[in-house]
Amino acid sequence: MSRVFIVSSTPRKSGNSEILAEEFARGAREAGHEVEKIELRNRELKFCIGCLSCLKTGKCVLDDTINELLPRVRRADVLVFATPIYYYGLSGQLKTFLDRMNALYGKENSFKRVYLLASAADTEESAFDGAIKGIQGWIDCFEGVRLAGVVKGAGVESAGEIRNTRFPQEAYETGKAL
């Protein structure tokens with residue numbers, strides 16, 4: 001059994017990437033994994049100020065939700081990041097979250113696999129390249145961690161529109177196959 005930590009970064013309740021996250025979680029739970037899912041839209045999240053204090057102390061000097069989340073991310077075996085594609089990249093909310101995970105750099109972390117669940121209005125596969133590159137850049141800072149899978153929910157714009165596609169099933173099956 002793995003501990004799975006899912007971060008949904010859409011600002012829209014029931015947004016397309018959040019539906020992917022819910023389906024991934026359902027599949028992982030059915031496969032017997034322990035799953036925790038958070039929505040960034042429900043959390044106070046300040047921008048990193050670049051002080052690097054976190055590298056010494058293991059926690060952030062800013063008073064928001066991050067210090068509560070750091071140990072939970074550190075203990076997870078699998079990290080899952082769900083994002084809408086904005087301007088061919090990660091949502092600003094997810095990028096801010098990843099920046100604030102700097103306290104994990106150079107520490108003993110349990111996570112070794114990362115999944116990306118993304119939705120985009122664009123129908124081209126290349127619409128996801130920037131987000132994949134952004135996630136891969138973060139992963140590359142952690143020894144032994146790999147991008148284990150990507151679900152690309154292309155061609156969906158309106159909130160919930162993804163339900164009428166094959167992508168939720170793909171996310172479910174990816175979670176179930178952990």
Side-chain angles (χ1 to χ4, degrees), residues 2-12 15-22 24-25 28 35-120 126-153 171 174-175 178:
S2 294
R3 288 179 307 262
V4 181
F5 191 83
I6 301 173
V7 177
S8 174
S9 68
T10 182
R12 298 191 298 187
N16 293 313
S17 62
E18 187 163 298
I19 291 166
L20 295 178
E22 290 167 359
F24 187 102
V35 177
E36 179 180 3
K37 179 178 158 284
I38 65 161
E39 295 87 22
L40 294 181
R41 74 173 171 280
N42 298 330
R43 307 231 171 218
E44 181 185 1
L45 193 62
K46 297 175 183 173
F47 295 112
C48 178
I49 59 172
C51 69
L52 301 179
S53 293
C54 62
L55 295 178
K56 295 178 190 121
T57 66
K59 61 184 195 172
C60 186
V61 299
L62 299 177
D63 185 24
D64 65 7
T65 193
I66 287 299
N67 287 323
E68 166 200 337
L69 297 176
L70 282 167
R72 290 153 57 189
V73 172
R74 181 177 283 130
R75 284 191 305 265
D77 301 304
V78 176
L79 299 177
V80 182
F81 300 120
T83 183
I85 300 297
Y86 293 153
Y87 297 103
Y88 300 99
L90 300 170
S91 70
Q93 293 86 338
L94 183 55
K95 177 63 170 99
T96 298
F97 176 85
L98 294 173
D99 289 347
R100 294 291 303 286
M101 291 291 106
N102 197 58
L104 303 177
Y105 181 74
K107 304 287 190 294
E108 286 292 321
N109 301 301
S110 296
F111 57 87
K112 298 299 177 207
R113 293 177 288 161
V114 173
Y115 290 84
L116 175 63
L117 311 173
S119 62
S126 62
F128 299 90
D129 292 352
I132 293 168
K133 186 174 182 177
I135 289 292
Q136 189 63 57
W138 185 82
I139 289 169
D140 289 346
C141 294
F142 298 95
E143 191 173 321
V145 179
R146 67 182 176 86
L147 182 59
V150 178
V151 175
K152 301 174 183 176
T174 302
L178 286 180

Are the side chain of [X] and the backbone of [Y] linked by a donor-acceptor contact shorter than 3.5 Å?
X	Y	answer
R75	S110	no
N109	L104	yes
N67	K59	no

Where [X] and [Y] come nearest, the two heavy atoms and their spacing:
X	Y	value
A103	R74	O-NH2, 3.6 Å
V61	I49	CG2-CD1, 4.1 Å
V35	A28	CG2-CB, 3.7 Å
L70	G58	CD1-O, 3.9 Å
F128	A120	CZ-CB, 3.8 Å
Y86	P11	OH-CD, 3.3 Å

Validation row: [X], [Y] side chains within 4.5 angstrom (heavy atoms):
X	Y	answer
F81	L90	no
I38	F5	yes
I6	V78	no
L117	T83	no
V7	V80	no

At what distance, to the nearest 0.5 angstrom, does [atom1] of [X] lie from [atom2] of [Y]?
X	Y	atom1	atom2	value
E44	I66	CD	CD1	10.5 Å
L55	C51	CG	SG	9.0 Å
K112	S2	NZ	OG	13.0 Å
L116	L20	CG	CG	10.0 Å
L98	L79	CG	CG	9.5 Å

### Task
Show your working on side-chain contact (heavy atoms from CB on, under 4.5 Å) between V73 and M101 and close with a plain yes or no.
CA-CA 9 Å; V73 172; M101 291 291 106; 4.0 Å; yes

Side chain to side chain donor-acceptor pair (under 3.5 Å) against [X], all qualifying residues, sequence neighbours excluded:
X	value
T10	none
D64	R100
D63	none

Quick test of your reading of the model: are [X] and [Y] salt-bridged, counting only N-O distances below 4.0 Å?
X	Y	result
R43	E68	yes
R12	E18	no
K133	D129	no

### Query
How would you list all residue pairs meeting side-chain hydrogen bond (donor to acceptor under 3.5 Å, both in side chains) that involve residues 134-149, not counting sequence neighbours?
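Matches after skipping sequence neighbours: Q136-D140.
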
#### Entry: Over 12 foreign heavy atoms within 6.0 Å of NZ, K46
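Counting other residues, nucleotides and ligands, NZ of K46 exceeds 12 neighbours.
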
### Message
If you count every heavy atom of other residues, nucleotides or ligands that lies below 6.0 Å from K95 atom NZ, does the total exceed 12?
### Response
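No - once you tally the heavy atoms of other residues, nucleotides and ligands closer than 6.0 Å, there are 12 at most.
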
### Message
Assess the residue pair L94 and I135 against the criterion (side-chain contact (heavy atoms from CB on, under 4.5 Å)); give the C-alpha distance rounded to whole Å, side-chain angles, the decisive distance to 0.1 Å, and a yes or no.
### Response
CA-CA 10 Å; L94 183 55; I135 289 292; 4.3 Å; yes

### Summary
So the ring-ring contact (aromatic ring centres under 6.0 Å, His included) pairs with at least one residue in residues 38-62 (sequence neighbours excluded) are none

### Query
Are F24 and Y115 close enough that their ring centers fall under 6.0 Å?
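Close enough - the centres of the two rings lie under 6.0 Å apart.
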
### Query
Listed by chain and number, what are the ring pair (Phe, Tyr, Trp, His ring centres under 6.0 Å) partners of F97, not counting sequence neighbours?
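In terms of ring pair (Phe, Tyr, Trp, His ring centres under 6.0 Å), with neighbours along the sequence ignored, F97 is linked to no residue.
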
### Query
Hey, mind stepping through S9 and S91 against side chain to side chain donor-acceptor pair (under 3.5 Å) and telling me if it holds?
CA-CA 7 Å; S9 68; S91 70; 2.9 Å; yes

### Task
Given ring-ring contact (aromatic ring centres under 6.0 Å, His included), test F111 with F142 step by step and report yes or no.
CA-CA 9 Å; F111 57 87; F142 298 95; 5.4 Å; yes

### Task
Applying side-chain contact (heavy atoms from CB on, under 4.5 Å), run through V4 and K37 and close with a yes or a no.
CA-CA 8 Å; V4 181; K37 179 178 158 284; over 6 Å; no

